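Below: one structure, written as structure tokens.
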Amino acid sequence: MSAFWWALLTACIWGVVPLMEKVGLGSASPATGVIVRSLGVVVGLLVCSWVWPPWAALRALSWPSILLLAGGGLLASFVGQFAFYHALKSGAMSQVTPVAGAYPLVAALLGWM
């Protein structure tokens, strides 16, 4: 599959997920939502590591790569998700997701700089 189709699949998945999360946050705090969402990530990691064992590839990574990837995970999957859930819980999905979805513009500007 080409990069375009992978990107389109990503957009479709990331387009559906906020609706699921908005409904799921109905009776949950943003912090609880992040914890429960992370359980889904753990299940995905367990299945992925069983189907495609990553251990040799992990041992080949440099420490700077490990720290940058882990830091990105912490920022995106915890801090960013926590902020997004606060916005999603208190605001309209139709207003929150376009603003939060402007992150490619931030990335492009940082890449340009």
Side-chain angles (χ1 to χ4, degrees):
M1 205 160 42
S2 72
F4 172 81
W5 292 109
W6 281 112
L8 185 60
L9 177 61
T10 302
C12 290
I13 292 168
W14 285 351
V16 169
V17 170
L19 177 60
M20 296 168 62
E21 293 172 329
K22 177 71 172 175
V23 174
L25 282 169
S27 62
S29 71
T32 302
V34 170
I35 291 168
V36 173
R37 182 182 196 271
S38 297
L39 293 175
V41 174
V42 169
V43 169
L45 286 171
L46 292 173
V47 170
C48 183
S49 64
W50 180 65
V51 174
W52 300 290
W55 314 121
L58 285 174
R59 283 191 294 273
L61 282 178
S62 68
W63 277 107
S65 289
I66 291 170
L67 292 174
L68 287 167
L69 291 168
L74 175 65
L75 281 175
S77 296
F78 181 75
V79 178
Q81 200 66 42
F82 189 69
F84 178 66
Y85 277 7
H86 270 286
L88 196 59
K89 178 119 175 130
S90 61
M93 189 177 86
S94 61
Q95 294 173 341
V96 169
T97 53
V99 173
Y103 71 89
L105 176 60
V106 174
L109 291 172
L110 289 173
W112 178 73
M113 292 169 38

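Bear in mind that the values here come from a model prediction, so they are computed numbers and not experimental data.
- For Phe78, there are no ring pair (Phe, Tyr, Trp, His ring centres under 6.0 Å) partners at least two apart in sequence or on another chain.
- With rounding to the nearest 0.5 Å, the separation of CZ in Phe84 from OH in Tyr103 is 10.5 Å.
- Summarising the geometry, atom CG belonging to Leu8 is positioned 10.0 Å from atom CD1 belonging to Ile13; distances are rounded to the nearest 0.5 Å.
- When hydrophobic residues (I, L, V, M, F, W, Y) are linked wherever their side-chain heavy atoms come within less than 4.5 Å, the members clustered with Met20 are Val16.
- A continuous path of ILVMFWY side-chain contacts below 4.5 Å connects Leu74 to Phe82, so both sit in one hydrophobic cluster.
- In this structure, Leu25 CG and Met93 CE are separated by 12.0 Å, a value rounded to the nearest 0.5 Å.
- Between Val34 and Ser77, the closest heavy-atom pair is CG1-O, 4.2 Å.
- Cluster annotation: Phe4 and Trp14 are assigned to the same hydrophobic cluster (Ile/Leu/Val/Met/Phe/Trp/Tyr, side-chain heavy-atom contacts under 4.5 Å, transitive).
- A donor-acceptor pair under 3.5 Å is absent between the side-chain atoms of Lys22 and the main chain of Ala92, judged by distance alone.
- Residues Val96 and Leu19 share a single hydrophobic cluster, defined by chaining ILVMFWY side chains whose heavy atoms lie under 4.5 Å apart.
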If you look only at distance, which donor and acceptor atoms sit under 3.5 Å apart when one is on a side chain in residues 40-60 and the other is two or more places apart or in another chain?
from  : atom 1 : to    : atom 2 : distance (Å)
Ser49 : OG     : Leu45 : O      : 3.0
Ser49 : OG     : Leu46 : O      : 3.2

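- Nearest approach of Glu21 to Tyr85, heavy atoms of both residues: OE2-OH, 2.8 Å.
- In this structure, OG on Ser29 lies 7.5 Å from CD1 on Ile35, to the nearest 0.5 angstrom.
- When hydrophobic clusters are built by joining Ile, Leu, Val, Met, Phe, Trp and Tyr residues whose side-chain heavy atoms come closer than 4.5 Å, directly or via intermediates, Val17 is not grouped with Leu39.
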